[in-house]
Amino acid sequence: MTKHKVKVGVGDRVEVREIDVPDGELAPWDADTKFRSVGTNVPRVDGEAKATGRAEYTADVRLPGMLHARMFRAAQPGGKLTSLDVSAAEKAPGVRMVRVLAQPGRALKMEGQDLALVVADTEAQAEDALLLCKAKWDQGPVYATPEVAMAAGAVSIHEGKENNVRRAPAGGGRQGGDPFARAEEAIQAADFVIERTYRTQVQTHSPLEPHGIVVRPDEDGGITVWASTQGTFSVRDGFANSLRIQQPMVRVITEFMGGGFGTKFGPSSPGSGFGVETARAAIDLKRPVRCMLDRREQHLCGGNRPSSVQTVKLGVTKAGKITGYTVRMYGTGGLAEQGAGARNPMIYNLGATAVESSTVVTHAGPQAAFRAPGHPQGSFALEQAVDEAAHAIGADPLAFRRGIDGSSIRAHQYEEGAKLFDWAAKRSRYANQKGAVRRGVGVAAGIWHQPGGSGATVLVTVHRDGSVEVTNGAQDIGTGTRTVLAVIVAEVLGMDPHAVRVNLGRTEWPFGPGSGGSTTAPSIGPCARDAAEQAKRAILGASFEGVPTASQWKAACRKMDVEEQVFSGKRSNQYASFHNGTAGLQFAEVEVDTDTGVVRVLSVLAMQDCGRVIDRLTAESQVIGGVIGGISYALFEDRRLDPKTGRLLHGDLEGYRIAGARDCPDIRAVMTDVSNAGNAAGMMGLGEAPSVPTAGAIANAVFHATGARVREIPMTPARVLAALDAAAASKNGGR
Amino acid sequence: MKAFRYARPNDVASALPLLSATQRPKGGGFDLLDLAKRGVASPDMLVDLSGLKGQQPPMDGIDGAGDHGETVIGARVTLARIEASAEVAARCPALADAAREAATPQVRNAATLAGNLLQRPRCAYFRDPFFTDCLKRGGSACAAQDGVHDEMAVFGNAKCCAVHPSNLATALAALRAEVRIVTGIDAKGAPKWRTAACDEGFFVRPEQDATRECAVGPGELVWDVIVPAARASAYVEVNHKQSYDWAQAACCAVLDVFEGKIRGARIVLGGVAPVPWRAEGAEKAIAGTSGAAGALDAAAEAAAQGATPLRDNAHKVRLAKVVVRRAIEAALARAGR
């Protein structure tokens, strides 16, 4: 360890701290560092390729001799397969192979369960052959909702289990004993006790590009895989294990990727083994085989965010202190036996807390990690409960939050955000509206924690002509990782970021992490700085100060005694930093048509921290995307099953509503620059955080506009009208 | 999707003999291809109408030179053109409203008038061939009645509760438009015609025949629509989403206003019944008034009479009342200009 004096902090809350930096690590960028490129608006280095269609996604890959695979899937859950006849499909035109994947007697647990893989010369032929596959089954009971699956007498969906409820160990019991009893005592000691139930729906990831893969068997016994994935190396390792091939013999390529949001890891998808089966077919047929899921399959077998029913109880004092907070909740992530626990309570000082959560198994595709797993649903309940507490004591919701929030970064965001959003003026302007269409404002906080970590290697290659490449095997899932690496290297070497060539998305290159939990940029960004600083020292000499001019750099490169030099950059695990998490705060302004129950979001201000901002444009874009996702979650998205048959009702993006252009308000993303240390670039992950608080902020704004609490999402006209009626009834009831 | 043949005839005389229950006319193709991809429709042949020439009036024209102020709009005219047409805006603005509220700009640029009228319902059960017993497939049970039905019909829903999906249908029914249909080709090679009224006969209730929504035979071709002039007309809808969504409830009001008094009204609801749903009670309630708040309330209440909401869609009755008020108000505003 080496001690470094580092200036850290946020806004005018900056201080010098002496921190221990692990040996081999650079002194971190800090508040005094002067930047040329870092923190500026750099357009995406791959923007033109994407906008013109030149960028090749997995779905675009066409190889000579390539065949097409489609999966024959169970039509509904709740039965046992009695027969599966694929003989007609095998004889269909163009069909090369039908591989049966389920034998009679197999329990059918979800619509979309794998039954047989069909491989044909064209995708259309494969799809035609699916229509010739015939399954028969004995229909048993269908548990499409957690309430039905939990009811007395419901039999276990998974074999060998007593029932469909999986209770997680109770949380909040740090001091031993019964945390609920302790929290209840603290709650009862308060001036007001509030108990409410909040409900959130099942949401599917709905990436524009569905799960998909192209597998080419190679002559050396290995395979080359084009995969729409968030983790090139997770695909490699998954195939190496399932096919018993050495890791380096599985070559995975993800040049461009059409969205994943947490569900695209490994060779297949959460509810299907299509990827591994496609690879097996390719190896057996000695031909490349492509398999892309269609939209219905994506909704069925592409993972989802579990639902939740959260009953929150809290005590609040007249002075604005929350004394205790308990949550009893359940939810369902389909066949998954865990993962429905909503992240609630978080963020605030809530006194004595206790949490009890259960995941209920239902007849639907399994859940998967989804942008801030557990957080948007937990935040929806928490942020409304906190708002209800503020309302109970007549406090301004923002001032109330400031009183129970210990984050120094959010302290800055409350101040700045209230000014930028004009919070106080809007609060009073919308206080006494009379018309049918009313406006309101709401606020909610968000957190995430991802500083990245060690394990990856980033290469910087310097060529004799002065050109520079930066290389890592991880993927850019569309968030701007390519541009972030280019900016960091350009910063160190005094280049234009668009002149840096970035190579990403091949497992033949050095390891990089999967893009889950917001890990990628903070894990490989600091490595890129390390490699670039090595290159600068080696080529310009250790005594060179500052950044080179273009001609200095070219002249130095021409003197290299090898054709190119490769520098290998690494980072340690996170060391001491100013702040351990990422802080966010969102303000929403809505308009509610109280005649129709239609809610429109007029504007959102998102204050968001991600440590050091590398490229402001891609960072803001990430925040805006998170807000749009949050609006869509709050108002529209809902994966609905027919209760009787378990059949997905909307296998498209039409009935499954997603926010469209006219549903996207004026969104302002303001990055809170935090000098953080902790790693060479001071970076924190940004992917998940901005999607967390949006739904709660919108719900709070609806309450401000109308006096009605909508405690269930999506906020359909029917639910909003019912909430308005309930609010009117309680007013008339004199309560 | 089942493979199909494709034909692009040059004139109506060669197109008509190609049409049958399994050889379907293609305009924009939006709904037909979507149904085919889902396995709900399985045409053997698509007869592309984009090449038809020589017949007058043209299938892709908007002609506002009618003797009585009527506008003739060809079946192949896109929704975008209806939305942007100065003639439509001047003579029957409710139709422009209805076109503007449909789908997305991209869809409206290619989707046609006839395609919009003839599109099948968006009912999730109908659009999933798994539900083989659906009444619209000639089956005997409606899975939506005790399934998920919060966006389904609240009027005329005893048998089938799928709502009619077309915005333009609602407007055309209120405007008392007539659909001209080519029924066949005579010995001289000339088209034979019939006319069906949008407020009587063109739309088919489930009780009459649940397997279709419009009275157009398998060998027939919708050619154009004659829309009477109605300046004091407006179409209003309530959507959950603002982009690309079907109406939760819609209303077209066509008023006969003279010296500030509403002498008569045609009020038709959309998105709440299997066919465009005429609200005669509302028409009577608003007639003879000047459209003041009390009269609007009475019309809205009258429009809700006879509603038979299902377990989970009572809110749609309320939305129907709201759109009745708003449509009358919007039409009145146009009468004043």
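Here is the naming used below: chain letters follow the sequence lines, and residue numbers restart at 1 for every chain.
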**Q** Between B:Arg325 and chain A, with a heavy-atom cut-off of 4.5 Å, which part of the residue counts as in contact: side chain, backbone, both or neither?
**A**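 Nothing of B:Arg325, per the 4.5 Å heavy-atom cut-off to chain A.
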**Q** Determine the sole option in A:Thr596, A:Asp663, A:Thr716 for which the side-chain contact (heavy atoms from CB on, under 4.5 Å) test with B:His240 is passed.
**A**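 The residue from A:Thr596, A:Asp663, A:Thr716 that satisfies side-chain contact (heavy atoms from CB on, under 4.5 Å) with B:His240 turns out to be A:Thr716.
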**Q** Answer yes or no: is there an ion pair linking B:Glu151 with A:Arg657, defined by an N-O contact shorter than 4.0 Å?
**A**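 Yes, charged N to carboxylate O under 4.0 Å.
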**Q** Could you tell me whether A:Arg600 atom CZ has more than 12 heavy atoms of other residues or ligands within 6.0 Å of it?
**A**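 No, the 6.0 Å shell around CZ holds no more than 12 heavy atoms from other groups.
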**Q** Given the options A:Gln76, A:Lys644, A:His650, which has more heavy-atom pairs under 4.5 Å with chain B than any of the others?
**A**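 Going by pairs under 4.5 Å, I would pick A:Gln76.
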**Q** Out of curiosity, B:Met1 CE to A:Leu131 CG, how far, rounded to the nearest 0.5 Å?
**A**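 Here the interatomic distance stands at 11.0 Å.
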**Q** With a strict 4.5 Å heavy-atom criterion, list every residue of residues 126-148 of chain B that contacts chain A, or say none.
**A**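 Answer by number: B:Asp128, B:Phe130, B:Phe131, B:Asp146, B:Gly147, B:Val148.
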**Q** Above 12 or not: heavy atoms from other molecules or residues under 6.0 Å from NZ of A:Lys80?
**A**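 Result for NZ/A:Lys80: open.
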**Q** What is the minimum heavy-atom distance between B:Ser243 and A:Ala661, and which atoms define it?
**A**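 Shortest heavy-atom contact: OG-N, 3.2 Å.
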**Q** Does the side chain of A:Val598 reach to within under 4.5 Å of the side chain of B:Gln242, using non-hydrogen atoms?
**A**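 Heavy-atom side-chain distance check passes, below 4.5 Å.
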**Q** May I have the step-by-step check of side-chain contact (heavy atoms from CB on, under 4.5 Å) for A:Glu654 and B:Arg122, ending in yes or no?
**A** CA-CA 9 Å; A:Glu654 178 185 297; B:Arg122 316 309 299 184; 2.8 Å; yes
**Q** Report the C-alpha distance between B:Asp150 and A:Arg719 in whole Å, list the side-chain angles of each, state the deciding distance to 0.1 Å, and finish with yes or no for salt bridge (Lys or Arg N to Asp or Glu O under 4.0 Å).
**A** CA-CA 11 Å; B:Asp150 45 307; A:Arg719 287 190 183 128; over 6 Å; no
**Q** Please flag which part of A:Leu641 lies under 4.5 Å from any non-hydrogen atom of chain B: side chain, backbone, both or neither.
**A**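 Answer is backbone: N, CA, C or O of A:Leu641 sit under 4.5 Å from chain B.
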**Q** Where along residues 299-321 of chain B does a heavy atom come under 4.5 Å of chain A, listed by residue number?
**A**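 At a heavy-atom separation under 4.5 Å, chain A is reached by B:His315, B:Arg318, B:Leu319.
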**Q** Between the side chains of B:Asp245 and A:Arg662, is the shortest nitrogen-to-carboxylate-oxygen separation below 4.0 Å, so that they form an ion pair?
**A**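 Salt bridge absent between A:Arg662 and B:Asp245.
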**Q** Can you say whether A:Asp642 sits under 4.5 Å from chain B via the side chain, the backbone, both, or neither, judging by heavy atoms?
**A**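 Both parts, heavy atoms under 4.5 Å.
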**Q** Please determine if A:Asp294 and B:Lys37 form a salt bridge, counting it only when a charged side-chain N lies under 4.0 Å from a carboxylate O.
**A**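 A salt bridge is absent here (no side-chain N lies under 4.0 Å from a carboxylate O).
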